[in-house]
Protein chains: 2
Amino acid sequence: MNVTILDIAKAAGVSKSTVSLVINESDKVKLETRHKVWQTINKLGYVPNMAARALTTSQTKTFGLIFLTSDETSLPYVLDSVPETLLYDVTYGINACLKNTDYSLLTERFSVSGQAKLPDLIKNKRVDGVFLIGGLYDDAFINLVLEQGIHVVIIGRRHEGVDSVSVNANKVGYLGAKYLLELGHRQIAFISGPAYSSISQEKQNGFAAAVAEKGVNMEQIYFIHSPYTGMGGYQALKQLWNEGVRPTAIFGGSDGITAGMIRFLYEQEISVPKDVSIISYEESVLSTHAPFSLTVIDGHKMQLGEMACMTMINRIKKQNAQEVTLIIEPSMIIRGSVKVMG
Amino acid sequence: MNVTILDIAKAAGVSKSTVSLVINESDKVKLETRHKVWQTINKLGYVPNMAARALTTSQTKTFGLIFLTSDETSLPYVLDSVPETLLYDVTYGINACLKNTDYSLLTERFSVSGQAKLPDLIKNKRVDGVFLIGGLYDDAFINLVLEQGIHVVIIGRRHEGVDSVSVNANKVGYLGAKYLLELGHRQIAFISGPAYSSISQEKQNGFAAAVAEKGVNMEQIYFIHSPYTGMGGYQALKQLWNEGVRPTAIFGGSDGITAGMIRFLYEQEISVPKDVSIISYEESVLSTHAPFSLTVIDGHKMQLGEMACMTMINRIKKQNAQEVTLIIEPSMIIRGSVKVMG
DNA sequence: GTGAAAGCGCTAACAT
DNA sequence: ATGTTAGCGCTTTCAC
């Protein structure tokens with residue numbers, strides 16, 4: 001079998017518990033013995049058995065990323081479904097933060113509409129804490145998770161009484177509107193997201209605030225709702241066009257929405273930014289790979305993941321510290337899809 | 001604390017081992033006692049402790065997805081880096097397959113050029129098996145992993161002596177070329193991928209085979225190498241254009257490459273498919289969200305993940321069965337980016 | 001500062 | 001068909 005703590009103890013001429021103390025960096029052990037033990041650990045290539053450690057400490061040293069979806073069978077990337085760019089980037093950020101830590105990350109897609117009450121990761125106690133992402137959860141669900149003695153960090157929105165990390169959505173709308181207004185745009189369409197989404201609403205509020213601040217008439221500002229999908233952006237813009245509206249700038253509330261908008265414009269041979277200006281929100285793989293250099297508001301989704309991870313680690317360290325609510329400020333990445341209006 | 005196997009045993013009036021047998025679906029237990037035990041399990045809400053189970057069986061019931069990269073610090077999605085769409089889709093497929101299984105999936109990004117010899121997941125024995133993806137591994141690395149007593153399934157390429165699941169790359173080139181030739185294209189550029197990539201080479205071979213089969217002159221067929229990045233596709237096409245070459249159709253060897261190609265064409269105001277036809281390979285979030293309905297060869301990357309997962313599970317069941325080499329056949333998704341030539 | 005010993009929850013070989 | 005028992009590898013009091 002493998003090298004165990006007992007082998008080290010024998011080889012180093014000390015007891016099991018001393019080795020354990022050394023491994024766990026206790027300062028109670030004499031420097032000399034500490035050296036001796038580390039040497040034999042390295043010599044014999046000892047690696048702690050996580051399962052055994054988990055059994056005694058009842059800590060798995062594992063976190064779970066629970067992706068809440070309404071429908072678990074939908075393909076993640078056809079034009080008519082929400083692209084999972086948020087999940088990709090947040091996962092990347094969490095993993096980056098977990099690197100050089102003794103924690104690992106498990107991922108589970110969980111359908112809230114399904115029959116299971118709790119994700120398997122939680123039910124089986126495979127994790128010490130979970131990141132909840134995807135928006136589709138309510139107090140009842142969160143409390144159920146908390147009852148299992150599992151820590152929770154919510155990603156993407158604020159939630160009373162629980163640690164959370166999110167993006168300042170109001171600022172997203174504000175920044176986009178401010179930028180467009182400053183470049184002289186006065187006819188602007190903002191396809192922000194679905195009507196039921198509070199995030200989408202906040203973005204509109206921020207947009208409206210910038211418009212008011214600038215003293216611009218709201219008459220030619222079009223707030224439009226659509227799903228966070230390519231098809232959503234496509235159809236919303238198409239309808240607007242069919243109604244005869246001709247904005248000089250269009251603001252997509254997500255990279256998915258913007259991709260759909262771009263498809264409509266391409267179809268109509270409307271050139272960006274010559275004929276119309278475009279700005280997007282998110283900065284995912286979709287905006288960086290757009291057919292032109294796309295000006296975008298960066299939601300810093302990787303950083304979102306990293307900060308969620310830091311929050312989780314702090315929570316583990318200080319179990320009953322005050323709840324943490326982190327808000328990440330979006331920022332503009334000015335590229336080439338917005339024209340200066342005369 | 002939590003309810004354990006012993007609590008169940010007491011409550012049901014049997015012994016620990018009987019409960020254990022029932023849980024592990026042994027048919028040695030009388031039907032009556034089995035019922036009784038399951039009833040109390042449900043009543044008391046017992047859930048097995050994975051750590052304890054892992055300790056005795058030395059099976060973690062966890063797999064690892066190891067993503068081999070050369071450089072761990074690069075952002076995953078700027079135009080000048082390889083978009084990680086393969087990782088996204090394969091992960092989705094593996095998770096889908098693992099659902100309703102008692103296995104979970106851990107992910108780790110591992111830099112082969114780093115100082116660490118082995119990914120942490122493997123070193124810490126957190127996994128029973130690993131999926132290797134990303135292409136950057138050699139025999140030495142694989143053998144090192146195998147020596148740890150960990151199962152290996154390679155995703156994306158074949159490898160002597162190890163289970164592997166990959167896409168028929170030759171067929172990718174073949175299908176694309178055949179389709180374009182049949183629609184009358186005779187000037188075709190194929191930006192297949194980097195020169196050092198055997199996959200890229202295989203695609204070219206398949207392409208050449210279709211051309212030969214059709215009896216078409218190779219003179220106006222352009223095989224071009226570029227990195228699997230948006231920037232790669234962009235610059236490769238730009239150079240071709242600057243050399244005065246004007247193909248009627250361009251075939252991108254990955255969705256990332258194609259995204260770059262599309263950006264160049266957009267810049268030059270060359271319209272697709274009116275002025276030039278485009279076909280891509282992969283079918284990731286990038287091709288479905290292209291600015292036009294993009295004809296693409298589907299690499300079935302989710303299925304790749306699912307089959308890798310099935311392969312792993314079979315390997316666990318029959319440790320020393322013959323090695324498995326699964327090849328997935330790509331297929332065409334005909335949409336609207338290829339014109340019929342007169 | 002270090003060792004001895006108990007126990008975490010479970011499985012599996014052996015008894016009965 | 002079911003019970004008894006001995007670990008799996010580690011942490012953690014509690015003595016010394």
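A note on names: the letters A, B, ... follow the listed sequences, proteins ahead of strands, and every chain is numbered from 1. Below, each value reflects all heavy atoms present in this structure, side chains not excepted, and no hydrogens, waters or symmetry copies.
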Tell me the interatomic distance from [X], atom [atom1], to [N], atom [atom2], rounded to whole angstroms.
X       : N      : atom1 : atom2 : result
A:Asp7  : D:dG9  : CG    : P     : 9 Å
B:Leu21 : C:dA12 : CG    : P     : 9 Å
B:Lys61 : C:dC10 : NZ    : P     : 15 Å
A:Leu31 : C:dT2  : CG    : P     : 10 Å
A:Lys16 : D:dT12 : NZ    : P     : 13 Å
B:Leu6  : D:dT5  : CG    : C1'   : 14 Å
B:Ile5  : D:dT5  : CD1   : C1'   : 14 Å
B:Gln59 : C:dC10 : CD    : P     : 16 Å

Does [X] put a side-chain nitrogen or oxygen below 4.0 Å from OP1 or OP2 of [N]?
X       : N      : value
A:Ser20 : D:dT12 : no
B:Asn49 : C:dC8  : no
B:Thr33 : D:dT2  : yes

Check your understanding: What orientation do B:Phe131 and B:Phe63 show, parallel under 30°, tilted 30 to 60°, or perpendicular over 60°?
Key ->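 Perpendicular: the ring planes of B:Phe131 and B:Phe63 meet at over 60°.
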Point to revise | Residue B:Lys30, side-chain heavy atoms: nucleotide from C:dG1, D:dA1, C:dT11 that is nearest | key: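 Comparing C:dG1, D:dA1, C:dT11 against the side chain of B:Lys30, the answer is D:dA1.
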Review point. Is the distance between the ring centroids of B:Phe110 and B:Phe141 under 6.0 Å?
Key: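 Yes, ring centres under 6.0 Å apart.
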Taking [X] first and then [Y], would you say they form a salt bridge - that is, a charged N and a carboxylate O separated by under 4.0 Å?
X        : Y        : value
B:Glu323 : B:Arg158 : no
B:Asp7   : B:Lys10  : no
A:Glu108 : A:Lys123 : no

Check your understanding: Applying ring pair (Phe, Tyr, Trp, His ring centres under 6.0 Å), which residue pairs with at least one partner in residues 6-56 of chain A are found, sequence neighbours left out?
Key ->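 For residues 6-56 of chain A: none.
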**Study point:** Most 5' of B:Ser17 and A:Thr56 on DNA chain C, judged by nearest nucleotide
**Key:**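 Nearest-nucleotide comparison on DNA chain C picks A:Thr56.
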Check your understanding: More 5' along DNA chain C: B:Arg53 or A:Thr18, using each one's nearest nucleotide?
Key ->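 Going by which nucleotide is closer to the 5' end, it is A:Thr18.
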Review point. Taking for each residue the nucleotide of DNA chain D bearing the nearest heavy atom, is the 5' side occupied by B:Leu55 or by B:Ser15?
Key: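 In this pair, the answer is B:Ser15.
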Practice item. Mind grabbing the angle between the end helix axes of the helix from C:dG1-D:dC16 to C:dT16-D:dA1? Five pairs an end, 10° rounding. Key: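 Between the axes fitted at each end of the helix from C:dG1-D:dC16 to C:dT16-D:dA1 lies an angle of 40°.
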Check your understanding: Restricting to pairs with a member in residues 143-156 of chain A, which pass side-chain hydrogen bond (donor to acceptor under 3.5 Å, both in side chains), not counting sequence neighbours?
Key ->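 Found A:His151-A:Gln319.
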